[in-house]
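In what follows, a single structure is set out as structure tokens and then discussed.
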Amino acid sequence: MAALRVTVQKLLQARSAVSPLLAVPALSRACHHGHHFEYINVSKAGEKQNVGMIELNRPKALNALCDGLMGEVKTALEDFEADKEVGCIVLTGSGQKAFAAGADIKEMSIRKFQEVFGGNFLSNWSHLADTTKPVIAAVNGYALGGGCEIAMMCDIIYASEKARFGQPEIALGTIPGAGGTQRLTRAVGKSLAMEMVLTGLPITAQEAQQAGLVSKVFPPDQLVSEAIKAAEKIASHSKLVVAMAKEAVNASQEMTLREGVHFEKRLFHASFATNDRKEGMAAFVEKRKAEFTDS
């Protein structure tokens with residue numbers, strides 16, 4: 001426990017010691033759909049180039065989530081939402097040390113109550129959770145604080161064997177502010193969530209998988225390729241029906257069982273109005289591969 005506490009403290013110090021302006025190497029800048037990105041790398045992956053890739057790229061700051069970075073993530077997500085070829089998105093961090101070691105403490109430390117309350121600070125982060133297309137978080141290192149929170153905003157979490165998940169805000173005299181106390185509790189249960197939030201200590205990838213926070217754990221060099229493979233599988237299905245399925249699963253977190261089952265049934269009924277439902281069932285009967293048109 002003592003060793004973990006020291007590790008978290010060192011990570012917090014590393015994050016706060018780097019100026020947001022100095023943390024971005026020139027090589028990290030990238031252009032996508034006419035947008036110039038400074039803090040992230042954006043590309044497409046997969047055999048059919050139907051997987052959107054967003055790589056957080058502030059390695060010297062352990063991919064700390066400054067306002068500029070989160071604004072660029074929002075823009076990239078909007079681009080991929082509008083791209084008819086992209087059926088799934090993968091979010092990861094540069095290098096293997098950190099997925100994202102939290103919000104930028106240096107940036108936050110100078111803010112006042114009136115500013116954060118009046119401006120609804122961190123509200124722009126929610127776009128990641130509201131994206132229609134599925135997002136897979138490929139967590140390749142430390143996912144602490146805001147890093148853990150944005151991973152939980154994604155629909156599926158894959159983790160490297162070296163990944164660590166934690167909400168260490170308590171050590172900074174504050175609490176999680178982007179869903180950490182809410183999504184974590186729903187994912188792993190009250191006891192573990194309370195322990196993580198009140199001690200500030202992280203859990204391993206294996207513990208996160210056992211608790212239900214993570215779907216699968218892979219060796220570091222296989223993580224991103226496995227995430228892309230899963231994303232390609234998702235993208236091979238009808239984008240319209242995938243969006244309906246995602247909406248139904250997400251609704252289960254907000255509704256009673258009776259309400260959720262009713263909502264699911266109505267979406268199931270609605271799928272019968274789509275060309276892709278007809279094609280999918282016809283292809284099954286005719287023992288051939290379905291050719292979905294996303295209609």
Side-chain angles (χ1 to χ4, degrees), residues 1-12 15 56 62-65 70 91-93 98-105 108 116 120-131 134-217 246 249-257 259-260:
M1 291 288 280
L4 281 172
R5 189 175 292 108
V6 171
T7 298
V8 171
Q9 188 61 37
K10 286 181 178 179
L11 285 167
L12 295 175
R15 283 161 50 191
L56 310 178
L62 300 178
N63 299 327
L65 306 170
M70 291 307 296
L91 176 68
T92 192
F99 170 72
D104 194 303
I105 299 173
M108 283 197 300
V116 296
N120 200 11
F121 183 48
L122 300 186
S123 61
N124 63 325
W125 289 26
S126 63
H127 192 80
L128 187 58
D130 297 334
T131 301
V135 183
I136 300 175
V139 178
N140 46 321
Y142 287 102
L144 303 179
C148 186
E149 288 172 313
I150 66 167
M152 291 190 292
M153 290 179 196
C154 298
D155 302 297
I156 298 169
I157 303 178
Y158 282 179
S160 156
E161 291 170 344
K162 296 181 179 179
R164 297 292 184 272
F165 297 83
Q167 300 289 163
E169 290 88 348
I170 199 78
L172 300 172
T174 188
I175 69 170
T181 63
Q182 304 303 302
R183 290 190 176 91
L184 185 62
T185 305
R186 285 167 169 77
V188 306
K190 178 185 174 183
S191 182
L192 180 56
M194 193 72 80
E195 180 183 31
M196 291 174 67
V197 170
L198 297 186
T199 67
L201 297 175
I203 60 174
T204 66
Q206 293 76 15
E207 289 170 330
Q209 184 183 30
Q210 185 177 11
L213 181 62
V214 167
S215 296
K216 294 180 180 178
V217 177
K246 172 177 172 173
V249 173
N250 281 336
S252 72
Q253 303 297 295
E254 311 289 341
M255 297 179 174
T256 65
L257 178 60
E259 291 169 336

Item to check | side-chain contact (heavy atoms from CB on, under 4.5 Å) assessment of V139 paired with F165 | outcome: CA-CA 9 Å; V139 178; F165 297 83; 3.8 Å; yes
Next on the checklist: Pair R164, T204 - check side-chain contact (heavy atoms from CB on, under 4.5 Å), show working.
Outcome noted: CA-CA 5 Å; R164 297 292 184 272; T204 66; 3.8 Å; yes
Next on the checklist: Nearest 0.5 Å, please: how far is OG1 in T199 from CD in Q167?
Outcome noted: 11.0 Å
Checklist entry - Is the backbone of G93 close enough, under 3.5 Å, to the side chain of N140 for a donor and an acceptor to pair up by distance? => result yes
Under 3.5 Å, side-chain donor or acceptor atoms of residues 143-152 against the rest of the protein: list the pairs with distances, not counting sequence neighbours.
from, atom 1, to, atom 2, distance (Å)
E149, OE2, G177, N, 3.4
E149, OE2, A178, N, 2.9
E149, OE2, G179, N, 3.4
E149, OE2, G180, N, 2.8

Checklist entry - Partners of Q210 by side-chain contact (heavy atoms from CB on, under 4.5 Å), sequence neighbours excluded? => result none
Checklist entry - Is there a side-chain contact between N250 and D155 (heavy atoms, below 4.5 Å)? => result yes
Checklist entry - Going through the checks in order, is the side-chain contact (heavy atoms from CB on, under 4.5 Å) test met by T185 and V197? => result CA-CA 10 Å; T185 305; V197 170; over 6 Å; no
Checklist entry - Roughly how far, to the nearest 0.5 Å, is CG of L184 from CE of M194? => result 10.5 Å
Checklist outcome for this item: OG1 of T181 to NZ of K190, rounded to nearest 0.5 Å, is 12.5 Å
Checklist entry - How long is the span from the CE atom in M70 to the CG atom in L56, to the nearest 0.5 Å? => result 8.0 Å
Checklist entry - Where do V188 and A193 come nearest, in terms of heavy atoms and distance? => result CG2-N, 3.7 Å
Next on the checklist: For a 4.5 angstrom cut-off between non-hydrogen side-chain atoms, does L91 reach F99?
Outcome noted: yes
Item to check | Flag, side chain of T92 to backbone of A138, donor-acceptor distance under 3.5 Å | outcome: yes
Checklist entry - Considering residues at least two apart in sequence or located in another chain, which fulfil the salt bridge (Lys or Arg N to Asp or Glu O under 4.0 Å) criterion with K162? => result none
Checklist entry - More than 12 foreign heavy atoms under 6.0 Å from CG of L198: is that the case here? => result yes
Item to check | Minimum heavy-atom distance A205-V217, with the two atoms named | outcome: O-CG2, 3.7 Å
Next on the checklist: L128 vs C154, test: side-chain contact (heavy atoms from CB on, under 4.5 Å). Steps then yes/no.
Outcome noted: CA-CA 7 Å; L128 187 58; C154 298; 4.2 Å; yes
Item to check | Taking every non-hydrogen atom, the tightest pair across A163 and A159 | outcome: CB-CB, 4.0 Å
